[in-house]
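For reference, the structure is listed below as structure tokens.
Below, chain A is the first sequence line, B the second, and so on; all start at residue 1.
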Amino acid sequence: MNFSFTLEELLRQAKKLKGKTVDFLLKHKEFDSGKGAIGNIIEREGFGIANNNESRPDFPELGVELKVLPLKRDTKNRLTVKERTKICSINYMNLINEKWVSSHAKNKLNKILFIFYEYNQKNPRHSKVIDYYLFNLDESDEPLLKSDWERTKREVELGRAHSLSESQNVVLAASRSGAGKLPESKWPEQPNQRIQKNARQRAFSLKPSFTKTLWHEVHYKNSLDKIIDKYKYSDAEGLENYILGQLNKWQGQSIAEFAKHHNIKKMTGKASNAFILRSALGFFDKKKQLKEIMQLGLSVKTVPCRSSDLFPWESMSFPYQPLGEIINEDRFDESEFYTYLQGFLFIPLLRDKREKQNSSTITLGKSVIWHPTHDELEDIQEEWEQIRNVIRDDLRVWKKVTNNKKGFVQKNNIPGESDTKYIHMRPHGRDSNDLDDSIKVKITKQSFWFNKSFIQKLISG
DNA sequence: GAGTGATCATGG
DNA sequence: CCATGATCACTC
């Protein structure tokens, strides 16, 4: 089976696959084994493409690359991207002689036919094609992809291919690929071997933050506003500086003044972070999220804090996660909590008292964007493991007599804010009857929180 | 004043 | 309705 498609035929074929399961595509053939099995099946049975690692696009005459992208259900049962999408292996020797416009990577990124399927963990054969989308690299995606590619090229030129890491880049990562346990002597050589001769094999991959955004655009049409429509940035740094610049024009102004200027009625409540950001950037459609904020993976947080020293009045909560899940998480970098740590845009709101005040006495502080560094993640990992281990091995819950209405509160031995530097765990339910039923011990729903002193450090710069 | 469990209130 | 961002009410 080997088809030669026109673009129309190709898209018609993609459309035909919608709703089909892997089982259906395979007819009675045997299920492939190993990594990427479902991707291979869809490419082969759906489009007649044999598993290959050619550098040309899958449909050379159309310049179209085919990518099969797995989706999974998130905690709210919505479909979201499961993992990164590999684009092409990196040849360190060639990379330093390439230019972005004619590069191997861009050649593959120009036109991609994405086939989205829902991965069925219980029975992979029941995984089902959900949708397709022909991606054209345009001006709204190119700057971030290009500046990531350039950054990686620069590192390789400097003879630092061995210290590349996924987190250096924003949307197009140089991620590890190939056999995991090869000895260093079997790694490919890098140019400029002043520091080290060999470097681990890596591939350019689209990060989940990029494909998540793409999926969002495909699935919820016209749902995103684009910052690039207001300001033409050329790299992530320029973009982040622009965002901060627009926000920090208002530093020192009260949020009442800010609200009045932007004609916002309500500046309080849980949507205030989005209001402030969107308004400062000149967007007024409340329904739409910002494409670049999603691509950068930034969580936007307002931080009420003390005017004198930026000490937050409250810790910052993360979503509730059943303890029964946490105790089964072995690796921090594969944990749910880790996925929340991509990046943050903190918007400090300064006030003198802890109690909520009139909006004319609350002023905007200096906003900060923070991406956790490798070292910071290691520190956080230690505390995450400490907390997980207590829940896993030695969780205890008891009642303590008090003067409140009920006459007692529920206590537990999970590390709290005074036991840690970065994160702690604390109740986070509707009330004290809102119990976590994922675990035998009767305990109120809990969640991770950032410690106040840690947030203070981050927003103090 | 900081830390802690509980609870409110909003928005999806 | 329920998860969750915000913050309250109490203790140490």
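Checked against a 6.0 Å centroid threshold, the rings of His262(A) and Trp250(A) count as neighbours. Taking the six-membered ring wherever Trp is involved, the centroid distance between the rings of Phe318(A) and Phe337(A) falls below 6.0 Å. Aromatic pair Tyr133(A)/Phe114(A): ring centres not closer than 6.0 Å. Taking the six-membered ring for Trp and the full ring otherwise, the centers of Trp398(A) and Phe408(A) sit at least 6.0 Å from each other. No close placement of the Phe283(A) and Phe275(A) rings is indicated, their centers lying 6.0 Å or farther apart.
DNA chain C lies under 4.0 Å from at least one heavy atom of each of the following residues of residues 432-454 of chain A: Lys445(A), Trp449(A). Residues from residues 408-428 of chain A lying near DNA chain B, meaning a heavy-atom separation below 4.0 Å, are Val409(A), Gln410(A), Gly416(A), Glu417(A), Ser418(A), Arg426(A), Pro427(A) in numerical order. Near DNA chain C, defined here as any heavy-atom distance below 4.0 Å, the residues from residues 280-305 of chain A are Thr302(A), Pro304(A), listed numerically.
Paired with Phe454(A) under the rule ring-ring contact (aromatic ring centres under 6.0 Å, His included), one option of Trp449(A), Phe448(A), Trp370(A) passes, and it is Trp370(A). The salt bridge (Lys or Arg N to Asp or Glu O under 4.0 Å) test with Glu314(A) singles out one residue from Arg354(A), Lys452(A), Lys301(A), and that residue is Arg354(A).
Ion pairing of Asp74(A) with Lys212(A) is absent here, as no side-chain N (NZ or NE/NH1/NH2) approaches a carboxylate O to less than 4.0 Å. A salt bridge between Glu329(A) and Arg331(A) is absent, with no side-chain N of the basic residue lying under 4.0 Å from a carboxylate O of the acidic one. Between Glu83(A) and Lys72(A) there is no salt bridge, since no side-chain nitrogen of the basic residue lies less than 4.0 Å from a carboxylate oxygen of the acidic one.
Judged by the 6.0 Å distance and 45° axis criteria, Lys82(A) is positioned over the aromatic ring of Tyr119(A).
Arg278(A) places a side-chain N or O within 3.5 Å of a backbone atom of Asp285(A) that can act as its donor or acceptor partner. Here the side chain of Glu292(A) pairs a donor or acceptor atom with the backbone of Ile227(A) at under 3.5 angstrom.
Positionally, the nearest nucleotide of DNA chain B for Trp313(A) lies more toward the 5' end than for the other of Trp313(A) and Gly429(A). Mapping Thr402(A) and Glu314(A) onto DNA chain C by nearest heavy atom places Glu314(A) at the nucleotide closer to the 5' end. Across the interface with DNA chain B, nearest-nucleotide mapping of Lys270(A) and Arg354(A) shows Arg354(A) to be the residue nearer the 5′ end. Closest-nucleotide positions on DNA chain C for Gln321(A) and Asn404(A) were compared, and the one nearer the 5' end corresponds to Gln321(A).
At the heavy-atom level, Asn403(A) lies under 4.0 Å from the strands shown only through sugar-phosphate atoms.
A nucleotide of DNA chain C counts as in contact with chain A when one of its atoms lies under 4.0 Å from a heavy atom; the first and last such, 5' to 3', are dA3(C) to dC12(C). With a cutoff of under 4.0 Å to any heavy atom of chain A, the contacted region of DNA chain B is bounded 5' to 3' by dG1(B) to dG11(B).
Between Asp235(A) and Leu144(A), the shortest heavy-atom distance links the atoms C-CD2, 4.1 Å.
In this structure Tyr233(A) satisfies the ring pair (Phe, Tyr, Trp, His ring centres under 6.0 Å) test with no other residue, sequence neighbours excluded.
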